[in-house]
Colleague: 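The structure that follows is given in the form of structure tokens.
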Amino acid sequence: MQTTTDLTKAGRPTEEALRRYREQGFVHFTSVLPADEVAVFRAAADRLLAEEGPQTWGASEEQAQVHYVEAAWRKHPDLRRLALHPAVTGLAESLAGGPLRLYGTDVLKKEPRVHLPTVVHDDEPGLPLAGLTRTLTAWIPLLDVPADRGCLVYVPGSHRRPAEHRQVHLAGFQDYRPMEEIWPEFPFSPRVAVPMRAGDVVFHDFRTVHMAAANTDGERRLAFAAVYMDSDATYRPGVQDHPVAHLEPGAPVDGELFPLIAVGPGGAS
Ligand code: SIN
Ligand code: NI
């Protein structure tokens, strides 16, 4: 059986990795980033969490699923380096099969025995963007995330479910509907938990259904997530659209706030 350790060759996904991503909608790469670099990124994430007074993912503090700092790459130079890291962006662009821009980044912390499981969702309806075909998220643990520390859980193949079983766009949170209502097969669909070590990266397609368990371990779960969008995406008013709300609906989401991830011999720009 092929393991996750041989899914890259010269820093690019192997055919097997591309096949897994295409068929399952996610792929886990091990040892993408060396430990000394991860330690620098972790220190930057901890600093932002301490300085920023993180936001809460959840209806209230009592119902918090995660504490997060958004736009982390614009707030700390080391996290900018991580968001544009050639080892990450090279894999992202190969998996996507076309040009990408950085849309957003979050530092994500799930405290042991405090935070609730992360709600079942896919990323598409929460993105105030149109024209998406290849958008994907890189989820990068900054500490080991064993199975009981709130690791991500995916529904393989869920990115290929038909449009009538997807909530493509959320004009407002009042339109939100739970996954089992939109996709009746969801409760019967097999799931895959992805425990990870610091330095690994998992990528998921913007339509792949995912969630995370509660953290029942004794250590916090600390991760960085970067969304890389289709380079020609446009603004479509929706939820969480403050990063793009200065634009006219239909306008390209580009410029220095949403840099192209230039991948080539020179690495990311
Ligand atoms: C989480 O970190 O628990 C969820 C991240 C995501 O939805 O991408
Ligand atoms: Ni998500």
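Counting starts at 1 for both ligands and their atoms, in listed order. For the single chain, residues carry numbers from 1 onward in sequence order.
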Colleague: Any idea which protein heavy atom is nearest atom 8 (O) of ligand 1, and the distance to it?
Modeller: His210 NE2, 3.5 Å
Colleague: Can you pull out the closest protein heavy atom to atom 5 (C) of ligand 1? Residue, atom name and distance to 0.1 Å, please.
Modeller: Trp139 NE1, 3.7 Å
Colleague: Is the number of heavy atoms from other residues, nucleotides or ligands under 6.0 Å of Glu248 CD greater than 12?
Modeller: no
Colleague: To check your reading of the model: name the closest protein heavy atom to atom 1 (C) of ligand 1, its residue, and the distance in Å.
Modeller: Arg221 NH2, 3.4 Å
Colleague: With side chains defined as the heavy atoms from C-beta onward, is the minimum distance between His169 and Pro125 less than 4.5 Å?
Modeller: no
Colleague: Applying a strict 4.0 Å limit to heavy atoms, is His121 in contact with ligand 1?
Modeller: yes
Colleague: Hey, which atoms in ligand 1 end up nearer than 4.0 Å to a heavy atom of Leu108?
Modeller: 2 (O)
Colleague: Enumerate the atoms of ligand 1 whose separation from the nearest heavy atom of Trp57 is less than 4.0 angstrom.
Modeller: 4 (C), 7 (O)
Colleague: Please state whether the separation between the Ni ion (ligand 2) and some N/O/S atom of His204 is under 2.8 Å?
Modeller: no
Colleague: Do any of the N, O or S atoms of Asp123 sit under 2.8 Å from the Ni ion (ligand 2)?
Modeller: yes
Colleague: Cation over ring, Arg191 on Phe186, under 6.0 Å and within 45°?
Modeller: yes
Colleague: Using a 4.5 Å cut-off on heavy atoms from C-beta on, say whether the side chain of Lys109 contacts that of His115.
Modeller: no
Colleague: Strictly below 4.0 Å, N to O, side chains only: are Asp46 and Arg220 in salt-bridge contact?
Modeller: yes
Colleague: Report yes or no: is the cationic atom of Arg74 (NZ for Lys, CZ for Arg) closer than 6.0 Å to the six-membered ring centre of Phe258, at no more than 45° off its axis?
Modeller: yes
Colleague: Below 4.0 Å from any atom of ligand 1, is there a heavy atom belonging to His204?
Modeller: yes
Colleague: Check this for me: does any side-chain nitrogen of one of Glu15 and Arg19 sit under 4.0 Å from a carboxylate oxygen of the other?
Modeller: no
Colleague: Of all the non-hydrogen atoms in the protein, which one sits nearest to atom 3 (O) of ligand 1, and at what distance?
Modeller: Thr118 OG1, 2.7 Å
Colleague: Could you walk me through whether Glu51 and His76 pass the side-chain hydrogen bond (donor to acceptor under 3.5 Å, both in side chains) test, one step at a time?
Modeller: CA-CA 11 Å; Glu51 284 175 358; His76 198 294; over 6 Å; no
Colleague: Any idea which atoms of ligand 1 are less than 4.0 Å away from a heavy-atom of Ala212?
Modeller: 3 (O)
Colleague: Among the N, O or S atoms that His210 has, which is closest to the Ni ion (ligand 2)?
Modeller: NE2
